[in-house]
Protein chains: 2
Amino acid sequence: MANDVHEQDAGMRVVHLLRAITVELDRIGEGFAARHALHPTDVRALICLLDAARTGAPATPGILGAHLGLNSAGTTAVIDRLERLGHVRRERDTQDRRRVLLKVDESAVALGWSFFGPLIHEIVAVMGRFDAADQATVERFLGDVNEAVARQRTGRG
Amino acid sequence: MANDVHEQDAGMRVVHLLRAITVELDRIGEGFAARHALHPTDVRALICLLDAARTGAPATPGILGAHLGLNSAGTTAVIDRLERLGHVRRERDTQDRRRVLLKVDESAVALGWSFFGPLIHEIVAVMGRFDAADQATVERFLGDVNEAVARQRTGRG
DNA sequence: GACAATATCTCGCTCAGCGAGATTATTGAT
DNA sequence: ATCAATAATCTCGCTGAGCGAGATATTGTC
């Protein structure tokens, strides 16, 4: 990916670290999925639904499908799987009876915490070993990288 | 995932930033796959093979399959797809004739650069806007996070 | 009320990846 | 040298995730 002249550069080392972290997080997700009879897509769906529940945003099959990049048939299948496992239930929206509202069960919330809890704790602990000024530096850097990466995606794909 | 009392915390904001970056990078990978008639798994395989080519490490179906978490049948299928597209070719290892060495074509290297090049450039540019001390802080933080995340994975699954 | 738009679901299909086992090459023991 | 055990890869048949097309029900518009 880089010839070894550039490997010396701090920028390149950081790129590789970010990639390594991404790979590790993906693998944790896969491992979690495998241990709970879920597919990686189901885990992503759960994350999306838990986020919606946390922020109070409405969750519907349409919104979920758009977020996951699935068509309506695939989205129905994901929800069927999660419903079969008792993590989610469908409720007709009384305002607009075409729509279905997706409600996550308490078991799914607990599952989410069992997954993210230790991970969050670890990262917060790492952060705690830095002083306030360095924490601000890290936060600013990650914010900038996030913007840059998002710009790359929306710009090219 | 977090109740909103903790949202204020710099640690939690950093956790969310890391997650956002991970999601964005995954989406870029998916977009790249879709635009080149590849599956996400094929992209991961290409990355693995390009890394091996770059570091001079030998690449075989067995190593690739282990890296991707596929069994031998699935690994054969991935290599078949990449070979059909001309990105990879199989060569019998003359030392141990049970083994097949996977050689990436120049077109695959070019493809990899077209994917990672702009992304790397963007992140290096972000890094360049920080002074040397702050770059060192960022690098140390990411290294620690990487270790912590890797420890999480190997410790729990 | 007729009609286009919207949200979801059903049906049939393709193909990624799995399990089981076949094939070929290597290694080690006798 | 011979032969069993091991290793690396591939083949075959199957399951199931996700897609395209279209069916169904609800809403807003004229």
Side-chain angles (χ1 to χ4, degrees), chain A residues 26-27 29-49 52 57-85 87-103, chain B residues 26-27 29-49 52 57-85 87-103:
Chain A
D26 282 348
R27 287 195 177 178
E30 286 167 21
F32 174 78
R35 274 199 307 288
H36 291 91
L38 294 169
H39 294 263
T41 300
D42 300 344
V43 175
R44 291 178 59 191
L46 262 183
I47 292 170
C48 179
L49 293 175
T60 67
I63 294 168
L64 179 64
H67 199 274
L68 296 175
L70 297 178
N71 75 358
S72 66
T75 304
T76 297
V78 174
I79 299 167
D80 283 349
R81 292 196 297 269
L82 292 178
E83 198 174 36
R84 205 174 306 133
L85 291 169
H87 296 318
V88 166
R89 63 178 189 284
R90 288 173 161 99
E91 281 181 12
R92 277 281 163 202
D93 185 347
T94 51
Q95 308 302 315
D96 181 344
R97 291 179 45 74
R98 290 170 302 183
R99 292 208 288 178
V100 165
L101 297 176
L102 303 172
K103 306 288 188 180
Chain B
D26 281 349
R27 286 195 177 178
E30 285 166 21
F32 174 77
R35 276 199 306 286
H36 291 89
L38 295 169
H39 295 263
T41 300
D42 300 344
V43 175
R44 290 177 59 189
L46 262 184
I47 291 171
C48 180
L49 293 174
T60 67
I63 294 168
L64 179 64
H67 199 273
L68 297 176
L70 297 179
N71 76 358
S72 66
T75 305
T76 297
V78 173
I79 299 168
D80 284 349
R81 292 196 297 269
L82 292 178
E83 199 173 36
R84 206 175 304 132
L85 292 169
H87 296 318
V88 166
R89 64 179 188 284
R90 289 172 160 100
E91 283 182 10
R92 277 282 163 202
D93 185 346
T94 52
Q95 307 302 313
D96 181 343
R97 293 180 45 75
R98 289 171 303 184
R99 292 206 289 178
V100 165
L101 297 176
L102 302 173
K103 306 288 187 180

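Chain letters run A, B, ... following the sequence lines, proteins first and then strands; every chain starts at 1. Just so you know, these numbers use all the heavy atoms, side chains as well, and skip hydrogens, waters and symmetry mates. What you see is a predicted model; the values in this text were computed from it and never measured.
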Participant: To the nearest angstrom, how far is A:L68 atom CG from C:dT8 atom P?
Facilitator: 13 Å

Participant: Quick one: does A:D42's side chain have a donor or acceptor within less than 3.5 Å of a partner on A:H39's backbone?
Facilitator: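 Judged by distance alone, yes, a pair lies under 3.5 Å.
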
Participant: From the 5' end of DNA chain D to its 3' end, which nucleotides mark the outer limits of contact with chain A, defined by a 4.0 Å heavy-atom distance cut-off (strictly under)?
Facilitator: D:dA17 to D:dT27

Participant: Quick check: closest heavy atoms across A:T75 and A:P61, and the distance to 0.1 Å?
Facilitator: CG2-O, 3.2 Å

Participant: Does CZ in B:R90 sit with more than 12 non-hydrogen atoms of other residues, nucleotides or ligands closer than 6.0 Å?
Facilitator: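 For B:R90, atom CZ is crowded (more than 12 foreign heavy atoms under 6.0 Å).
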
Participant: How many Å lie between CZ on B:R44 and P on C:dA16, as a whole number?
Facilitator: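 Going from B:R44 (CZ) to C:dA16 (P), I get 16 Å.
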
Participant: Starting from P on C:dT6, measure out to CG on A:L101 and report it in whole angstrom.
Facilitator: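 In whole Å, C:dT6 P lies 19 Å from A:L101 CG.
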
Participant: Reckon B:G65 touches a base, only the sugar-phosphate, or nothing at all at heavy-atom distances under 4.0 Å?
Facilitator: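 No contact.
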
Participant: Check B:R27 against A:H67 and note the closest heavy-atom contact, atom names and distance.
Facilitator: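 Scanning both residues completely, I find the closest heavy atoms to be NH2-O, 3.1 Å.
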
Participant: To the nearest Å, how far apart are A:E83 CD and C:dC9 C1'?
Facilitator: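 In whole Å, C:dC9 C1' lies 12 Å from A:E83 CD.
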
Participant: Could you list the residues that satisfy side chain to side chain contact (heavy atoms under 4.5 Å, CB included) with A:A59, not counting sequence neighbours?
Facilitator: A:L49, A:A52, A:L102

Participant: Does C:dA7 have OP1 or OP2 sitting under 4.0 Å from an N or O in the side chain of A:S72?
Facilitator: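 So the side-chain polar atoms of A:S72 never come under 4.0 Å of the phosphate oxygens OP1 or OP2 of C:dA7.
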
Participant: Counting any heavy atom closer than 4.0 Å, what does A:N71 reach on the DNA or RNA strands: base, sugar-phosphate only, or nothing?
Facilitator: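 If one applies the 4.0 Å heavy-atom cut-off, A:N71 turns out to touch a base.
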
Participant: With a 4.0 Å cut-off on heavy atoms, is B:R92 in touch with a base, just the backbone sugar-phosphate, or nothing at all?
Facilitator: nothing

Participant: Round to a whole Å and report the spacing from CD of A:Q95 to P of C:dT8.
Facilitator: 15 Å

Participant: When all nucleic acid strands are considered with a 4.0 Å heavy-atom cut-off, which category describes B:A73: base, sugar-phosphate, or nothing?
Facilitator: base

Participant: Look at the side chain of A:R98 and decide which nucleotide, out of C:dT26, C:dT6, C:dC9, has an atom nearest to it.
Facilitator: C:dT6

Participant: Is it the case that over 12 heavy atoms from other parts of the model lie below 6.0 angstrom from the NE2 atom of B:H36?
Facilitator: yes

Participant: Rounded to whole Å, please give me the gap between CZ in B:R99 and C1' in C:dA25.
Facilitator: 12 Å

Participant: Could you pull out all residues at least two apart from B:I63 that satisfy side chain to side chain contact (heavy atoms under 4.5 Å, CB included)?
Facilitator: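 If we apply the side chain to side chain contact (heavy atoms under 4.5 Å, CB included) test to B:I63, skipping adjacent residues, the hits are B:T60.
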
Participant: Nearest whole Å is fine: how far is C:dT8 C1' from A:E91 CD?
Facilitator: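 The answer, rounded to whole Å, is 16 Å.
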
Participant: For the pair made of NE2 in A:H39 and C1' in C:dC18, what is the distance, rounded to whole Å?
Facilitator: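 After rounding, the reported distance stands at 12 Å.
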
Participant: Counting any heavy atom closer than 4.0 Å, what does B:T75 reach on the DNA or RNA strands: base, sugar-phosphate only, or nothing?
Facilitator: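 Since no nucleic acid heavy atom lies under 4.0 Å of B:T75, the category is nothing.
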
